[in-house]
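A short worksheet on the structure shown next.
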Amino acid sequence: MTSADVFDGYIDRGWRFLAELQRSLDMEFVVGRREGPYIWNLEDTRRVLECGNSGGVHSLGHRNPEVLKTVQDALQVFDAGMWTMPTAEALAFQDIVAASAPTPAICRSVLTLSATDSIDLAVMFSFRVTGRRKALAYRYGYHGHSGFAAMVTGSDAEGLLEHYLLPTEYSAFFPEYGVLDAIERSLDEDCAAIILEPMNYETFQPAAPGFLEGVAEICRRRGALLIIDETRTGLGRSGKLWMTSHYSVEPDILILGKGLGAGLYPVSALVATKRVYDACMNSTHWGFMSSMAGSPIGALVATKVVEIAQRPATLANIARLESDLTDAFAELCTRYQDVFAPAWVTGGIAALGLRDAAAAKVVKRELFRRNVLCHSASEIAPWVVKFFPCLTADATVGPAIAEALADFAEAWRRGAVDLG
Ligand SMILES: Cc1ncc(COP(=O)(O)O)c(C=O)c1O
């Protein structure tokens, strides 16, 4: 089967929207080999630098050898599905997360199969703890596509509230990330929790100093829980193990996902305070159960990933990546002042401003033509192009991204970029 056959097949009998979208973006690419920061097409004729990483699933690189070995070794001994049997592996995960959590109070975890499941559960936990039934989330945020995770997803492009006629009484949305008044106004007495990422979902802009602290203060005062979704920002992505640690804030629940399974095994976790955990998991017989979640395989993978992510060598590499990208973007902003504008780089979360909204519409396709897969471009102002490179990437990655951007800027200046 060729790449074109796969796309034709998708359009005929698969997820037509996806295939047509990629085709319209001139991004008809079926992934064959994948290794470290690179992916190759099915025909093995083209190599692309992966700087989207599906929002951090492959933060440690595709098929990270250490995690791969962990999975292979685990499969020699274990299987999944014995959810009624306690395991030492699940306990070891519990302990490594408690030891490395942003605050000592966050010390109990529940393993699930996806961040969507963890968010769904976190919202239920907040209902149980507060006796209220609504969660407040960011209007342009994304937290998942089913259950309560879908109900707290406000994004126009990705949200499903209207599409599936989801109940609207369980969620509310604050309109602006970073504005405490907007949160205060959107929160009513039914609100059990505020759920948010430590950065703006759409623009990648990190929470300004004081914002998360302010949200935490509102939560305490109004009796709601604070759920911080570190699905994308955790595991070293921000330069620290948890992005929450850049702030003086004590969440009640933290969500881990995506990179926790390194793209090799489905695993996510909800990490909570003992108070929240006990109120939900230890005050009834079966506070949460799932046939496949919490298996020793998932626990071993997640433990290995947390261990790699917090190693000094990993964090030093992320600091170097941050500095490479900061320098490269500053240079691009000077050379192409008419095309690029300064934005922000925090660890491996990188955004470069675009002067023209029209550029935001085409930049992903243009970089892909130059064999760099970026994360995305923002759909709301400020216009930025966003990158989520592998955290294990070597010193060639910053310059490779910069070269593709410079080539795009040259073409933009010449008027040689197709705006269609
Ligand atoms: C911030 C955030 N939370 C939750 C999720 C849901 O993660 P998953 O699709 O792995 O269940 C995503 C997925 O993109 C996400 O970006």
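All heavy atoms count here, side chains included; hydrogens, waters and symmetry mates do not. When a ligand or atom number is given, it counts from 1 through the structure's own listing order.
In this structure, a donor-acceptor pair under 3.5 Å is absent between the side chains of K258 and T231.
Counting heavy atoms under 4.0 Å from ligand 1, residue T116 touches it through both backbone and side chain.
Checked against the 6.0 Å centroid criterion, the rings of F340 and F329 do not qualify as a close aromatic pair.
E184 has a carboxylate O that lies under 4.0 Å from a charged side-chain N of R222, or vice versa, which qualifies the two as a salt bridge.
Proximity to K258 (heavy-atom distance under 4.0 Å) selects the following atoms of ligand 1: 12 (C), 13 (C), 14 (O), 16 (O). Those atoms of ligand 1 that come under 4.0 Å of a heavy atom in E197, given as number and element, are 1 (C).
Counting only distance, with no hydrogens or angles, the side chain of D278 and the backbone of S283 share no donor-acceptor pair below 3.5 Å.
Taking atom 16 (O) of ligand 1 as the reference point, the nearest protein heavy-atom neighbour is R232 CD, 3.2 Å. Regarding atom 4 (C) of ligand 1, its nearest protein heavy-atom neighbour is H143 O, 3.3 Å. Scanning the protein for heavy atoms near atom 10 (O) of ligand 1, the closest one is A115 N, 3.9 Å.
A cation-pi contact, defined as under 6.0 Å to the ring centre and within 45° of the axis, links R46 to F368. Both the sub-6.0 Å distance and the 45° axial angle are not jointly satisfied by R370 relative to the ring of F408.
For the pair D229 and ligand 1, the shortest N or O to N or O distance falls below 3.5 Å.
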